[in-house]
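Only this structure's heavy atoms are used, side chains among them; waters, hydrogens and symmetry mates stay out. FYI, the numbering just counts along the sequence from 1.
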Amino acid sequence: MALAVLCAIFASQSEFFLSERNLTTILRNSVDLSVVCAGMTIVIILGGIDVSVGGILAVSAVLIGRAYQYGMPDWVVILVGLGAGALLGAMNGAIIAKTRVPPIVATLGTMYIFIAVLFLVIGGVWISGLPNTLSFLVLGDFVGVPAGVFVIGLVYAFSWLLLRRTPWGQRVVAIGCDEVAARLVGIQVDRTKIQAYALLGLFAGIAAILYVARLRNVEVNIGTNIALEAIAATILGGANIRGGIGSLIGTLMGVLFIKITQNGLVLIGVSSLWETVVIGGLLIVVLILDALETRRVS
C-alpha cells in the first residue's frame, strides 16, 4: 500500500514517472542494492548487522577494475570480485564471532579500514574506461524483460531456499531468536555467523560486479550510502533489528520503496541531498514503531 501511495504521488507530480524508460531505469538502478539486501536480510535475521558492506563493495569493485586493467578475462574478474567480497565478509564474521564485539562496532571499524584501502589503491582517482563485456547483466534484455529482473530473481530464489528450506537457514533463525538457547542445543553459533557474514560479503562482491558492469568505472565515493540503504530497506521490509524475523519479499519491497523515492524526488525537482534525509527519517520512524509494538506486546 505504501508503494502504491508513493507511486500515485510521484505520478501526479511528474508525467515522466510512469514512462517505460523511467521504470526501467528504476529497476536497473535497483539491481546492486537488491543483491546486497538479500545478504543483509539474512545477517539481520541472525541478529547481526553490517555497516561496512559499502566498503566491501568498494574494495571488490576496485579489485575488479584493476583486474580489467591488467587484461584479465571476464571469468577471472568475476572470481576476483566474488572472492574479495566473501573473504572480507568472512573476516567481519570472524571478528564478531570470536571476540564477541557488538556487530555494529566491529563493522564500523572495518568500514574505515576498507575505505582507507580504497583510497590507497586508487589514489583518489577514478578507474574508468572499463570493458562493457558484462554490461548485459544489468543493461541487457531477455525476451523483452530487463536482465536485472533475472539476476534479482536468481539471487532471491537462492537466498529463500537457503533460509527457508535448509538446516542452515533454521540455525540462522534460531540464533536470531535466542543465541544462548541456540548454543545450549548444540548449534555451532560462531561458524554460522562467519558463514552468514561471508554470504553477505559474497553478495556484495556480486553487487560490485553488477555496479562495474552498469557504469564501467569505479568512483572514489563508491558504496558511500549503500549500507544505510540496505539496512533501511531490510527494516522497512519487516525485519526485526533484534533478529529472528525477516522477509526477503519484504526486503525487495523496501528496495523498491527507496529507489522509487530517490527517483521521484529527482523528477519533481527536489535536491538529491534530501534523499538521505528521507531514507534516514523513514528508518527512524519504522524503528520507533517497532519498539512501541514490542513494548506493547511485552
Open item on the list: Check this for me, if you would: do Asp190 and Arg183 make a salt bridge, where the nitrogen-to-carboxylate-oxygen distance has to be below 4.0 angstrom?
Closed with: yes

- [ ] Using a strict 4.0 Å threshold on nitrogen-to-oxygen distance, state whether Lys193 and Glu179 make a salt bridge.
- [x] yes

Kindly say whether [Y] contributes a backbone atom to a donor-acceptor pair with the side chain of [X] at under 3.5 angstrom?
X	Y	value
Asn132	Ser135	no
Ser12	Ile9	yes
Thr251	Ser247	yes
Arg216	Leu130	yes
Asn263	Thr261	no
Thr107	Val51	yes
Thr166	Gly169	yes

TODO: Give a yes or no on whether Ile245 and Tyr156 share a hydrophobic cluster (residues Ile, Leu, Val, Met, Phe, Trp, Tyr; joining criterion: side-chain heavy atoms under 4.5 Å apart).
DONE: no

Task: Linked, directly or transitively: Leu228 and Val105 (ILVMFWY side chains, under 4.5 Å) - done: yes

Task: Side chain to side chain, Phe17 and Ile260, heavy atoms closer than 4.5 Å - done: yes

Task: Any Val77 side-chain heavy atom under 4.5 Å of Tyr70 side chain - done: no

Task: Gap between atom OH of Tyr197 and atom CD1 of Ile56 - 0.5 Å precision - done: 10.0 Å

- [ ] Hey, can you tell me if Phe203 and Phe158 have their rings parallel, tilted or perpendicular (30° and 60° cut-offs)?
- [x] perpendicular

Open item on the list: Looking at every heavy atom in both Leu33 and Ala230, which two are closest together, and how far apart are they?
Closed with: CD1-N, 3.8 Å

